[in-house]
Structures are given as structure tokens and as C-alpha cells.
There are 2 protein chains.
Amino acid sequence: MKPRSHQQDEQHLTEQLGATGLRLTPQRQQVYDVLLHKRDHPTAEEVFIRAKKAMPEISHATVYNCLDALVKSGLARQVTLDRGATRYCPHMHEHGHFHCDACGTVFDVDLPTQAMPLPKGFEAKHFDVAIHGSCPDCAKKK
Amino acid sequence: MKPRSHQQDEQHLTEQLGATGLRLTPQRQQVYDVLLHKRDHPTAEEVFIRAKKAMPEISHATVYNCLDALVKSGLARQVTLDRGATRYCPHMHEHGHFHCDACGTVFDVDLPTQAMPLPKGFEAKHFDVAIHGSCPDCAKKK
DNA sequence: CTAGGTGCAAAAGGTTTGCGGTTAA
DNA sequence: TTAACCGCAAACCTTTTGCACCTAG
């Protein structure tokens with residue numbers, strides 16, 4: 001995956017929102033920037049905290065609204081790893097998430113989901129794969 | 001997978017709880033019965049409602065406690081399909097869940113998780129695979 | 001006797017909603 | 001002008017916790 005330039009990100013954001021009938025607002029731009037800047041699968045609360053640094057008046061409700069707008073526009077994805085808060089990921093191609101039980105880090109992993117055989121008649125639209133275990137660093141330390 | 005008889009289920013329950021240092025109580029037995037009886041991946045609330053029919057004095061807290069006990073003893077599994085309530089499944093071999101977006105039904109599906117290639121150094125303990133799409137019936141109706 | 005289990009009610013996350021006010025097309 | 005959006009606060013839903021009582025080992 002080739003990284004997009006900042007300008008391209010900006011344009012992509014406007015286009016994708018527009019195609020969904022949504023406006024580009026400073027808040028949505030800010031929330032998207034937060035997601036792109038550090039791709040560590042933050043929760044809505046973490047996005048809120050980071051966005052608040054650049055935009056102190058932003059509210060929880062707006063962060064949720066913006067994240068929803070990004071998800072609806074195909075610019076971000078919700079990631080559910082456990083019963084805790086939903087995490088967000090701006091990495092849009094089909095992939096899974098590896099969660100290290102020891103250090104808590106979430107890694108993006110490519111997975112051959114097309115190769116997963118389903119019983120006859122089932123039509124899959126989206127695979128949500130969460131893998132729990134130890135990341136290389138933590139596996140070594142054990 | 002060959003189904004266990006009622007008596008075998010009972011014995012299995014006692015053994016597995018015992019091995020985890022937990023007691024067999026009427027409530028835990030009841031909750032386990034609910035899970036075994038209709039394997040439709042109920043939420044804790046649904047388990048509560050069903051258990052309450054046979055045991056009207058049972059409480060929410062106890063249902064959560066019992067479900068935890070079953071999970072800890074390896075008799076049931078938590079299933080997370082969306083941001084909604086956690087579902088429970090007494091089907092213990094490694095498998096995934098197919099969620100039909102149209103009718104809401106959850107299907108157990110066998111998956112070759114061993115075949116999923118992970119980057120070097122990662123050690124997987126558990127795969128949590130949720131697939132969203134249309135089940136055969138709903139796919140036909142479209 | 002004492003550790004574990006139960007039921008109740010209150011609290012604790014995480015997320016959504018209602019509403020008055022603001023802004024962009 | 002009007003539909004979309006914002007911020008705030010309250011509501012909501014799911015799950016956890018504190019506590020008094022009970023029961024099995």
C-alpha cells in the first residue's frame with residue numbers, strides 16, 4: 001500500500017464525504033488527521049483526547065459523529081477486539097487485527113480471507129478477524 | 001462432533017467446574033442448560049430471561065457470574081459480533097461465526113484457522129472470526 | 001468456621017439522543 | 001432559508017461492584 005500525501009488525504013476526505021452526502025467540517029478533518037497520524041487503533045475516547053489538543057472545544061458527541069461519518073464514507077473502520085471500547089482504523093483494505101495479550105498492541109495483519117471456505121449459499125460481505133496471542137517481542141521475553 | 005447425552009453434559013459440567021476450583025450450583029447448571037438447549041448464541045440478557053422461566057429468583061449478577069464461570073472452565077465462549085451485547089456459545093471447538101445482516105441469525109462455521117499465515121514471530125492463541133453477509137435463505141430472497 | 005456463591009441495587013464504562021444555537025450551500 | 005452540524009447534558013444499555021445474607025465443604 002502506497003501512502004498518500006497530506007494533500008491527497010485531504011482531497012480523498014472531501015471526495016469520500018461528498019459522495020456520501022456529508023460535509024467536510026473542521027472537526028471531521030481533525031478527527032481524520034488524528035486517525036491518520038498515529039495508526040495505533042485508538043478508541044473514540046483516545047481520538048477525543050488527541051483531537052482536543054488541537055481543537056479544545058470539540059465534544060464527545062462530535063467525535064462519535066465524525067467517526068461515524070468517516071465509517072459511513074468508507075474512510076475508516078471500526079475494530080472490535082474485546083468487550084471494551086470500539087477502536088478505529090483508517091487502513092481500509094481487507095485485513096485482520098492481531099492483539100498482543102501481553103503488551104496490548106494491535107497489529108494489522110494481511111489475511112487471505114478470500115480463501116476462507118464458507119458453506120454453500122453463504123455470501124460474505126466482510127470478514128472481521130481478531131487474533132489474540134503474543135507479538136514477536138513479547139513471545140521472546142516469555 | 002457427536003452430541004453428548006444429558007447425563008454426560010451434567011458430568012462434564014461438574015468436572016470442568018471442579019477442575020477450575022468452582023462449585024456446581026443450581027444456577028450454574030440452569031445457565032448451562034439454557035446455553036445447551038437452544039444454541040442460538042444468546043446474549044446475557046436473553047440467557048437471563050430464559051433462565052428466569054425455570055428459576056424466577058435468579059438475578060442479572062448471577063447470570064453474569066455463571067457465564068463467567070462457564071467461560072473460565074472452558075464450557076462456553078464469548079462471541080462478539082458487533083458493538084451490541086456479548087453473546088455466548090457452548091460450542092467449544094475452534095470455529096467462526098457468520099452473522100446474517102438481513103435476518104440476524106448467527107451460524108457456526110468451521111474455519112481452517114491453522115492455515116492462516118501470520119508474520120514471523122507472532123504466536124496466536126485464539127482466533128475470533130466474525131463474518132458478515134447474507135445467509136443462504138436471505139441471499140436467495142434478494 | 002470460612003470461602004465461595006447469591007440477590008439486590010447502585011455505579012461504572014461506552015455510546016446515543018434531544019435540544020438550542022450555529023454555519024455552510 | 002434550510003438542512004446539516006456543533007456542543008452540552010442527560011439518557012441508555014451492558015456490565016461490574018459493594019454489600020448483606022446464605023450454604024457447602
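A note on names: the letters A, B, ... follow the listed sequences, proteins ahead of strands, and every chain is numbered from 1.
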>> Side chains of His93(A) and His95(A) only: does a donor on one sit below 3.5 Å from an acceptor on the other?
In response: no
>> Output the rounded distance in Å from CZ (Arg28(A)) to P (dT23(C)).
In response: 16 Å
>> Whole angstroms only, please: what is the CD-C1' distance between Gln29(A) and dA24(C)?
In response: 15 Å
>> Is there a side-chain contact between Asn65(B) and Arg28(B) in this structure, where contact means two heavy atoms from C-beta onward sitting under 4.5 Å apart?
In response: yes
>> Salt bridge or not between Arg50(B) and Asp40(B)? Use side-chain N to carboxylate O under 4.0 Å.
In response: yes
>> Of the options dG14(C), dT14(D), dG7(C), whose atoms approach the side-chain atoms of Ala85(A) most closely?
In response: dG14(C)
> Is any side-chain nitrogen or oxygen of Thr25(A) closer than 4.0 Å to OP1 or OP2 of dC6(D)?
Replying inline: yes
>> Within the 4.0 Å heavy-atom criterion, would you say Thr43(B) contacts the bases, only the backbone, or no part of the nucleic acid?
In response: nothing
>> Tell me the interatomic distance from Leu17(A), atom CG, to dA24(C), atom P, rounded to whole angstroms.
In response: 15 Å
> What salt bridge (charged side-chain N to carboxylate O under 4.0 Å, His left out) pairs are there with at least one residue in residues 92-116 of chain A, not counting sequence neighbours?
Replying inline: none
> Taking for each residue the nucleotide of DNA chain D bearing the nearest heavy atom, is the 5' side occupied by Glu45(B) or by Arg23(B)?
Replying inline: Glu45(B)
> Within this structure, what is the CG-to-P distance between Asp68(A) and dG14(C), rounded to whole angstrom?
Replying inline: 17 Å
> Going by heavy atoms closer than 4.0 Å, what residues in residues 46-67 of chain A are next to DNA chain C?
Replying inline: Ala61(A), Tyr64(A)
> Taking atom types as modelled, is there a side-chain donor on Glu15(A) or Gln11(A) under 3.5 Å from an acceptor on the other?
Replying inline: yes
> Taking it one step at a time, do Lys141(B) and Ser134(B) satisfy side-chain contact (heavy atoms from CB on, under 4.5 Å)?
Replying inline: CA-CA 10 Å; Lys141(B) 282 178 201 149; Ser134(B) 305; over 6 Å; no
> Given atom CG of Asp82(A) and atom P of dG13(C), what is their separation to the nearest angstrom?
Replying inline: 15 Å
> What are the two closest non-hydrogen atoms of Leu111(A) and Gly96(A), and how far apart are they?
Replying inline: CD1-CA, 3.7 Å
> Which angle, to the nearest 10 degrees, lies between the helix axes at the two ends of the helix from dC1(C)-dG25(D) to dA25(C)-dT1(D), each defined by five pairs?
Replying inline: 30°
>> Whole angstroms only, please: what is the CD-P distance between Gln30(B) and dT6(C)?
In response: 12 Å
> If each of Leu22(B) and Leu24(A) is mapped to the nucleotide of DNA chain C with the nearest heavy atom, which maps nearer the 5' terminus, i.e. the 5' end?
Replying inline: Leu22(B)
> Are the side chain of Thr62(A) and the backbone N or O of Ile58(A) linked by a donor-acceptor pair below 3.5 Å?
Replying inline: no
>> Other residues, nucleotides and ligands only: do more than 12 of their heavy atoms fall within 6.0 Å of CD on Glu57(B)?
In response: yes
